[in-house]
Amino acid sequence: MQSELRSPLVRQTVREMEAYAPPEDPQRLARVLGVPVEQIVKLDANENPYGCSPRVAEALGQCGGYHLYPDPDQEEARHLVAAYAGVEPAQVMLGNGSDELIDLLMRALLDPGDELLDFSPSFAMYAFNAQHYAARVVEVPRDEAFDIDPELAFRVASLRTRLALVAAPNNPTGNPVRPEVLERLLEGGWIVAVDEAYAEFCGTSFAPLVRERENLVALRTFSKWAGLAGLRVGYAILPQGLAAHLWKLKPPFNVNVAALAAAKATLGDLDYLRANIARIVAERDRLIAALAGVPYLRPYPSEGNFVLCRVVGRDAFQLRQALVQRGILIRHYRHPRLRDCIRISVGRPQDTEALLAALSSW
Ligand SMILES: Cc1ncc(COP(=O)(O)O)c(C=O)c1O
């Protein structure tokens, strides 16, 4: 009753929005299937199957200061992150995951009716988040190989275009962005935000270019390569003109004390984490080869820690449901170009084995 009375007060754009469909909770699935949660094979959110550095637990045990607010200027963390990313501390802003930085960029750039270029299919959060600002999402369809045609972007862009979000490598398709494509997009004059959530798995980054291009932003995260998805810490590398405005919008204490301590411990243990990245990359290539041997699957190449597969002659959603019944979580999409696809995150070798056994028994 109360919600009915109050709902007319909610902004129209919010009333009309659909809720975001997050990945399934493994605890809930374990309860439904009546198995321990350790038996769930979680390959649906591109998390790091090896977890974070053991130094994170040590750091959290020792860090204390939980009763005090974190440093709103993030000074120590910005210096450490800048050294890691090869940029200047003044260019760096940390966020509560890179999701928060995507939101802050949109808050800074998009008035109602302004346009966002979305190179679809891509990370669903871009189009979803743009709704908060009543912005117009202009789809720029990728080609057959999921590459971006920058000329298409220029054809659909207008005077209201403010932001282009470019995932590199792209999620869920796994392909990288060619430097000449990015260069051409930058000529549009819009802010081009290159989302490098998976950069550590492909080994290339456009971050050093931010210093030279006033409309380029790079977004990075500790969620994937560093295994810190649960602590929520990402960062943006910003051009000078934009940085000052984003700092006005950033909630003062957006990255918590534990997340800052974890990021610091992570950056002190890079060899350990790089060894895990190498294991994930090797397992990804093994997974792609194995999936290519499944008669009804056509895996795409990937430079991320996940593999997109087309399902031929069978229903992709039913396959996803069948795997869920066997305790294996993968992603299926409602996007028209991906309805016959599944995305599988790279797990440990035993996760691959469990998946392959389930695929062959289906
Ligand atoms: C392309 C891309 N960008 C950003 C994110 C969000 O990362 P974070 O955990 O840092 O919010 C994801 C998460 O899946 C992603 O795939």
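All residue numbers in this chain count up from 1 along the given sequence. All heavy atoms count here, side chains included; hydrogens, waters and symmetry mates do not. Ligands are counted one by one from 1 in listed order, and the atoms in each one are counted from 1 as well.
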Closest to atom 7 (O) of ligand 1 (judged by heavy-atom distance), picking from Gly97, Ser98, Pro172, Gly95: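 Among Gly97, Ser98, Pro172, Gly95, the closest heavy atom to atom 7 (O) of ligand 1 belongs to Ser98.
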Closest to atom 11 (O) of ligand 1 (judged by heavy-atom distance), picking from Arg220, Met125, Arg232: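 Closest candidate by heavy-atom distance is Arg232.
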Proximal ligand 1 atoms for Ser223, defined as those under 4.0 Å from one of its heavy atoms: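 The list of qualifying atoms is 8 (P), 9 (O), 10 (O).
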Relative to the heavy atoms of Asp99, which atoms of ligand 1 are at a distance of less than 4.0 Å?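 Here the atoms of ligand 1 in question are 6 (C), 11 (O).
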Mode of Asp195 contact toward ligand 1 - side chain, backbone, both, neither (heavy atoms, under 4.0 Å):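 It is the side chain that gets close, since no backbone atom is under 4.0 Å.
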What is the nearest protein non-hydrogen atom to atom 12 (C) of ligand 1, stated with its residue, atom name and distance?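 Looking at atom 12 (C) of ligand 1, the protein heavy atom closest to it is Phe123 CZ, 3.4 Å.
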Any N or O on Asn46 sitting closer than 3.5 Å to an N or O of ligand 1?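 Checking ligand 1 against Asn46, no N or O pair falls under 3.5 Å apart.
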State, without any angle test, whether Ser158 and Glu115 hold a side-chain donor-acceptor pair at a distance under 3.5 Å.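 A donor-acceptor contact under 3.5 Å links the two side chains.
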Please work out which of the three classes, parallel, tilted or perpendicular, describes the rings of [Y] and [X], given edges at 30° and 60°.
X: Phe201; Y: Tyr198; result: tilted
X: Trp362; Y: Tyr296; result: perpendicular
X: Trp225; Y: Phe222; result: tilted

Within the structure, is a non-hydrogen atom of [X] found at a distance of less than 4.0 Å from ligand 1?
X: Lys224; answer: yes
X: Phe222; answer: no
X: Glu100; answer: no
X: Gly234; answer: no

Leu260 side chain reached by Val233 side chain, heavy atoms, under 4.5 Å: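 A side-chain contact under 4.5 Å is absent here.
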Run the side chain to side chain contact (heavy atoms under 4.5 Å, CB included) test on Val41 and Leu329 for me, step by step, so that the C-alpha distance in whole Å, both residues' side-chain angles and the decisive distance to 0.1 Å come before the verdict. CA-CA 6 Å; Val41 179; Leu329 289 167; over 6 Å; no
Val92, Val81, Asn254 screened by side-chain contact (heavy atoms from CB on, under 4.5 Å) with Gln74, the one that passes: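 Among the candidates, only Asn254 passes.
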